[in-house]
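Residue numbers begin at 1 in each chain, while the letters A, B, ... track the order of the sequences.
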Protein chains: 2
Amino acid sequence: MFFVSLIPIRPEGSSGPQPERSDAARNRERLLQAARELVAEHGVDAVTMDMLACRAEVGKGTVFRRFGNRAGLMMTLLSDAEAEFQQRFIFGPPPLGPGAPPVERLMAFGEARIRYIDKYGELARASEHSPHNRHAAPPALLWHRHIEMLLREAGVDRDPWLMASFLIATLDPERVLYALRSQGIEVARIEAGWREFAGRLLGCPPDAK
Amino acid sequence: MFFVSLIPIRPEGSSGPQPERSDAARNRERLLQAARELVAEHGVDAVTMDMLACRAEVGKGTVFRRFGNRAGLMMTLLSDAEAEFQQRFIFGPPPLGPGAPPVERLMAFGEARIRYIDKYGELARASEHSPHNRHAAPPALLWHRHIEMLLREAGVDRDPWLMASFLIATLDPERVLYALRSQGIEVARIEAGWREFAGRLLGCPPDAK
DNA sequence: ATACAAAGCGGACCGCAGTCCGTTTAGCTA
DNA sequence: TAGCTAAACGGACTGCGGTCCGCTTTGTAT
């Protein structure tokens, strides 16, 4: 599928000074293939870096050279889904994309994110376990800018930057997963809750069912 | 100081079947002493369990027998501060304690929590790094019940449980610390932001400065 | 073809959290 | 005081993420 990589998700840009050595390319494919298999077989949390190196028939150093750390690996596995998500809320059809009033876009954003977490939550959580720079990751910055913009459009003029930070905290994969998996809350209820939350925040009268 | 342990914070209750063996008591004191010293000297994140065992002149097994894991150790170090915090929002003077209108109590709760994180954030974060049961920890459950109650009193009748979850996510030590330490946001601004956020959520007209 | 630099590679190695299990000891009982 | 048992102890061990560094491969310049 086609997408514009607004913010580079993969660490290695395709327009670097050196393209990429052939053996490196081969190993990257091997690693991604093996990683997807292992995740499918054992689940995200059970996949270890040694396991991956072994399955891909590659040295452990190579794995870390490629992805930096475990979180980087998971981020790479998510990059397609993440790019599509970005695509949708920036260029896609309303209410998620431009065209709808900001309150509805905000509600749609949360709903989309919650469904995303329901689908990819374990990967998303694992991709954030980078030590001390979770919130500075490119996708997080983009979401933040987006929410902040919506808040401004909706007339939030008091520290919309912080308001956006608070709102995004609400959609943390860790917490949403806890509600979904451990508490057994249904997706629909969390979505409705988010709509209620966002609606209240922007002073919309609770949309009567 | 005096406090009521509403929800047991320390794993070992003082009223168990067997009181506590003398060597165990001695080692517990040694460990807590050593832990406080090490945290003061090197900071929370640099303290390792081996280090602690060594400083306390105790076997590593003893450390884990006592605290379960690293998060348990940090929780124990926090227990006094946490108990005092609980005390204040449940029995203390308004606006944090009972007596003030729910909106003001909610605002005060957030402010108090933010100051708490500014003071003990590193410990709080480390105490939550327990694998997969962060949100089920007794203090977190208590905060949740409290916020939910305040929301109900303030007239939030649509899924106050979920609303409380969302609100608490906002006060996550990890995120607040990121704003405070990495982004250099001043405590006062975050407090003001929280008031704004809580106020909007409960439909209060933004309290004119 | 050959030489050569740099990118890539691999696996031994490290530090840390957490476990296991044989040994020690406190405290009770006779 | 001697004996007994359960609790406590301690440190070797495991598994994992991540690093290091000497070796190999690739692509290029001659």
Participant: Is there a donor and acceptor pair closer than 3.5 Å between the side chain of Arg21(B) and the base of dA7(D)?
Facilitator: yes
Participant: Can Arg189(B) and Glu196(B) be counted as an ion pair, charged N to O under 4.0 angstrom?
Facilitator: no
Participant: Verify the contact: side-chain N or O of Ser22(A) to OP1 or OP2 of dG27(D), cut-off strictly under 4.0 Å; return yes or no.
Facilitator: yes
Participant: Measuring from the side chain of Asp23(B) (C-beta onward, heavy atoms only), which nucleotide among dC16(C), dT26(D), dA26(C) has the closest atom?
Facilitator: dA26(C)
Participant: Taking Arg181(A) for the side chain and Asp118(A) for the main chain, is one N or O donor matched with an acceptor at less than 3.5 Å?
Facilitator: yes
Participant: OP1 or OP2 of dT19(C) less than 4.0 angstrom from a side-chain nitrogen or oxygen of Arg65(B), does that happen here?
Facilitator: no
Participant: Before accepting this row, confirm whether a basic side-chain N of the pair Arg30(A)/Glu57(A) lies closer than 4.0 Å to the acidic partner's carboxylate O.
Facilitator: no
Participant: Can you tell me which stems DNA chain D forms, taking runs of 3 or more consecutive Watson-Crick or G-U pairs with both distances under 3.5 Å?
Facilitator: C:1-30 with D:1-30
Participant: In this structure, how many angstroms lie between the P atom of dC16(D) and the CG atom of Asn69(B), rounded?
Facilitator: 18 Å
Participant: Output all residues satisfying side chain to side chain donor-acceptor pair (under 3.5 Å) with Arg152(A), sequence neighbours left out; order by chain, then residue number.
Facilitator: Glu148(A)
Participant: On the six-membered ring of Trp194(B), is Arg113(B) placed so that its NZ or CZ lies under 6.0 angstrom from the centre and within 45° of the ring axis?
Facilitator: no
Participant: Calculate the interatomic distance between Leu31(A) atom CG and dG8(C) atom C1'; express it in whole Å.
Facilitator: 13 Å
Participant: More 5' along DNA chain C: Gly61(B) or Glu57(A), using each one's nearest nucleotide?
Facilitator: Glu57(A)
Participant: Atom CG of Asp45(A) and atom P of dC16(D): how far apart are they, to the nearest Å?
Facilitator: 13 Å
Participant: Is the shortest side-chain N/O distance from Arg70(A) to OP1 or OP2 of dG17(D) below 4.0 Å?
Facilitator: yes
Participant: Quick one: is dC9(D) close enough that its OP1 or OP2 comes under 4.0 Å of any side-chain N or O from Arg66(B)?
Facilitator: yes
Participant: Reading DNA chain D from 5' onward, which residue's closest nucleotide shows up sooner: Thr62(B) or Asp50(B)?
Facilitator: Thr62(B)
Participant: In terms of side-chain heavy atoms of Val58(A), which of dG10(C), dG18(C), dC9(D) is nearest?
Facilitator: dG10(C)
Participant: What is the separation between atom CG on Leu52(B) and atom P on dC16(C), rounded to the nearest whole Å?
Facilitator: 13 Å
Participant: Could you please spell out the steps behind the ring-ring contact (aromatic ring centres under 6.0 Å, His included) verdict for Phe85(A) and Phe109(A)?
Facilitator: CA-CA 10 Å; Phe85(A) 178 65; Phe109(A) 182 89; 5.5 Å; yes
Participant: Taking only residues two or more places apart in sequence, or in another chain, which ones meet Glu29(A) in a salt bridge (Lys or Arg N to Asp or Glu O under 4.0 Å)?
Facilitator: none
Participant: Is the cationic atom of Arg175(A) (NZ for Lys, CZ for Arg) positioned less than 6.0 Å from the six-membered ring centroid of Tyr178(A) and within 45 degrees of its normal?
Facilitator: no
Participant: Could you check how far CZ of Phe64(A) sits from P of dC14(C), rounded to whole Å?
Facilitator: 17 Å
Participant: Select from Thr48(B) and Gly59(A) the residue whose nearest nucleotide in DNA chain C is closer to the 5' end of that strand.
Facilitator: Gly59(A)
Participant: With a 3.5 Å cut-off and just heavy-atom distances, do the side chain of Lys60(A) and the base of dA12(C) make a donor-acceptor pair?
Facilitator: no
Participant: Would you mind reading off the distance between Leu73(A) atom CG and dG18(D) atom C1', rounded to a whole angstrom?
Facilitator: 14 Å
Participant: Between atom CZ in Arg30(A) and atom C1' in dC9(C), what is the gap in whole Å?
Facilitator: 12 Å
Participant: Arg26(B) CZ to dG27(C) C1': how many Å, rounded?
Facilitator: 15 Å
Participant: Considering just the side-chain nitrogens and oxygens of Asn27(A), establish if one lies under 4.0 Å of OP1 or OP2 belonging to dC9(C).
Facilitator: yes
